[in-house]
Asker: 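Below you will find the structure I want to go over with you.
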Amino acid sequence: MKNIFKRFDLRVIVAIVATISCVVILSDFLIFRFTYQSQLEGTRNQLKVIAQTAAFFVDADRIAQIPLNKDGMNTPSYEYVTDQLKKIKVANPEIKYIYTLKKVDSSNIWNFIVDADPEDADGQHSYPGDKYDAGRFPEMLRGFNEPSADTKIETDEWGSTLSGYAPVRNALGQPVAIVGVDIDANDVYAIYHHVLREALMILLIGIVLAVILGFFISSRVVGPVNQLITGTRYIADGNLHHRVHVSGDDEISELADSFNNMAQSLEESRQKLVDYFFDTVKSLVLIIEVKDQYTLGHSQSVADYAEKIARHMGVNPKALEMFKKVTLLHDIGKLGVRDNVLLKPDKLTDAEWENIKAHPVLGEQILKPILNDPEMLAIIRNHHERQDGKGYPDALSRGQIPLLVAIVTVADSYDAMTANRRYRNAMSQADAIEQLKKGRGSQFHPDVVDAFLEILSSGNQKSA
């Protein structure tokens, strides 16, 4: 030990140990906070998705038919809505309560309509017409106009929960009620304690390593430690792709490897959340298509065509995977379109057509909680825009329409033209190509049309 102190100043060693320990503690705190907030935000987003999915399956007309008194439980409409809510609950076992509420006046005192569990184990109950003070919960009030979720655990007569909300809209797109879904506070606390245990373990390991590293003072220590500090900041800012690069076989390189493994684990967890969301939404798209044999497989065909066009036009290969995933969901907003409108073989009324035209905006609202990418969200919202500004919902024109959106517009239109529909037979490929040429520059982006025609002429279609 005396030989060691001959080579190193003890005060410097202590200073190094103290500094690294502080860095480890700070890093651990930031990572713990970010991880917990990410987990909580993921739970909130999941609640929004579940609430919005339930809202799409709740019929606004049936809601209006339920009398606001206890006898309302005996009506067919009440039984129908209850059955729909219970199906959502069975599909999502983490839900503790699922229910609907509506406004009856301008106050914040709302009325219960349907509660899938009208009486719980503690004897609390809610029947049609029972009053509920929604003014206590800001996110519930927001939920009447758009999907929302509590930012923290809230407590009411039914206990402590974290809740998500979404509006139930009528055929005109007007909110008439909300769907609420609750998960038990204990589930949220379990997330907190799990993250805390992992953080404490990392902290303990980090401090032990810091003590060891204090005895290895050299110029090579400063650079790797700075990399770890910088990496921690990247992780805390949400950049889970960042990795630190430290060569060697000493303790610092091991700490860097642990850091990288942790960052990869966090990235994989977030990706699993995103994949779960996309899988859930893709299953909902399949539900839409199964309802109508004429559109079965449409989303997959559009995604295949769009990928070919994008690749042909030199779109960055790194963006292609997410582009195809989002294109698969371009019609997800049709969940908000009533079946009698979506499957109607006759000419639509003005009100029905407006309901159809609302689906891109509804689709954007569904994906927005989890897809924080304006370029990809634009594909959902704007794939019915036209180059001449006569499309919907935003009447964009030419330079305002992103290239990826224009690609999906052409792919969507071609597949629609070459497939049978209730109201017409499929066009031949030659007729569909002629329509693309006629719409070049007015309805469709000219460069996208040219690229797609080259693909068709070479035989490199979706099967290629």
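Note that the structure is a prediction, hence the values are computed from the model and not measured.
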Asker: Working note: Q400 + E385, criterion side chain to side chain donor-acceptor pair (under 3.5 Å); need CA distance, chi angles, decisive distance, verdict.
Answerer: CA-CA 10 Å; Q400 298 175 305; E385 303 287 357; over 6 Å; no
Asker: Indicate yes or no: at least one non-hydrogen side-chain atom of D412 is less than 4.5 angstrom from one of H298.
Answerer: yes
Asker: Do R169 side-chain atoms and F56 backbone N/O form a donor-acceptor pair below 3.5 Å?
Answerer: no
Asker: Show your reasoning for whether ring pair (Phe, Tyr, Trp, His ring centres under 6.0 Å) applies to H384 and H330.
Answerer: CA-CA 10 Å; H384 284 294; H330 72 282; 7.9 Å; no
Asker: How many angstroms lie between atom CD of Q46 and atom CG of L162, to the nearest 0.5 angstrom?
Answerer: 10.5 Å
Asker: For F444, enumerate each residue passing the ring-ring contact (aromatic ring centres under 6.0 Å, His included) test, keeping only those at least two apart in sequence or located in another chain.
Answerer: none
Asker: Do H445 and V410 have side chains that get closer than 4.5 Å, going by heavy atoms?
Answerer: no
Asker: Scan for salt bridge (Lys or Arg N to Asp or Glu O under 4.0 Å) pairs involving residues 351-366, sequence neighbours excluded, and state none if there are none.
Answerer: K344-E352, E354-K357, E364-R381
Asker: Could you check Q52 against V179 for side-chain contact (heavy atoms from CB on, under 4.5 Å), going step by step and ending with a plain yes or no?
Answerer: CA-CA 8 Å; Q52 190 157 21; V179 170; over 6 Å; no
Asker: Angle class for the F452/Y305 ring planes (parallel below 30°, perpendicular above 60°, tilted otherwise)?
Answerer: perpendicular
Asker: Do Y165 and L101 have side chains that approach each other closer than 4.5 Å (heavy atoms only, starting at C-beta)?
Answerer: no
Asker: Which salt bridge (Lys or Arg N to Asp or Glu O under 4.0 Å) pairs, counting each pair once, include a residue from residues 44-56, with sequence neighbours left out?
Answerer: E41-R44
Asker: Between T43 and E94, is a side-chain contact (heavy atoms from CB on, under 4.5 Å) present by the stated rule, with each step listed?
Answerer: CA-CA 11 Å; T43 302; E94 66 273 23; over 6 Å; no
Asker: Answer whether the closest heavy-atom distance between the side chains of N382 and P393 falls below 4.5 Å.
Answerer: yes
Asker: Does some side-chain heavy atom of F57 sit less than 4.5 Å from a side-chain heavy atom of K87?
Answerer: no
Asker: Between L377 and D373, does a side-chain contact (heavy atoms from CB on, under 4.5 Å) hold up when you go through it step by step?
Answerer: CA-CA 6 Å; L377 286 174; D373 187 335; 5.8 Å; no
Asker: When rounded to the nearest 0.5 angstrom, what distance separates NZ in K152 from OG in S160?
Answerer: 10.0 Å
Asker: Would you compute the distance between atom NZ of K334 and atom OG of S299 and round it to the nearest 0.5 angstrom?
Answerer: 8.0 Å
Asker: How many angstroms lie between atom OG1 of T327 and atom CD1 of I407, to the nearest 0.5 angstrom?
Answerer: 8.5 Å
Asker: Nearest 0.5 Å please: distance from the CG atom of N74 over to the CD1 atom of I66.
Answerer: 11.5 Å
Asker: Is the backbone N or O of Y80 less than 3.5 Å from a side-chain atom of D83, with the two atoms forming a donor-acceptor pair by type?
Answerer: no
Asker: If you define the side chain from C-beta out and look only at heavy atoms, does anything of N108 sit under 4.5 Å from F137?
Answerer: no
Asker: Using side-chain hydrogen bond (donor to acceptor under 3.5 Å, both in side chains) as the criterion, list what pairs up with E79, not counting sequence neighbours.
Answerer: none
Asker: Take K102 and V176, measure what side-chain contact (heavy atoms from CB on, under 4.5 Å) needs, and give me the verdict at the end.
Answerer: CA-CA 7 Å; K102 71 183 296 185; V176 297; over 6 Å; no
Asker: Using side-chain hydrogen bond (donor to acceptor under 3.5 Å, both in side chains) as the criterion, list what pairs up with K103, not counting sequence neighbours.
Answerer: none
Asker: Look up atom CD1 in I183 and atom CG in L47, then write down how far apart they are to the nearest 0.5 Å.
Answerer: 5.0 Å
Asker: Side chain to side chain donor-acceptor pair (under 3.5 Å): which pairs involve residues 60-73, sequence neighbours left out?
Answerer: D61-R338, Q65-S77
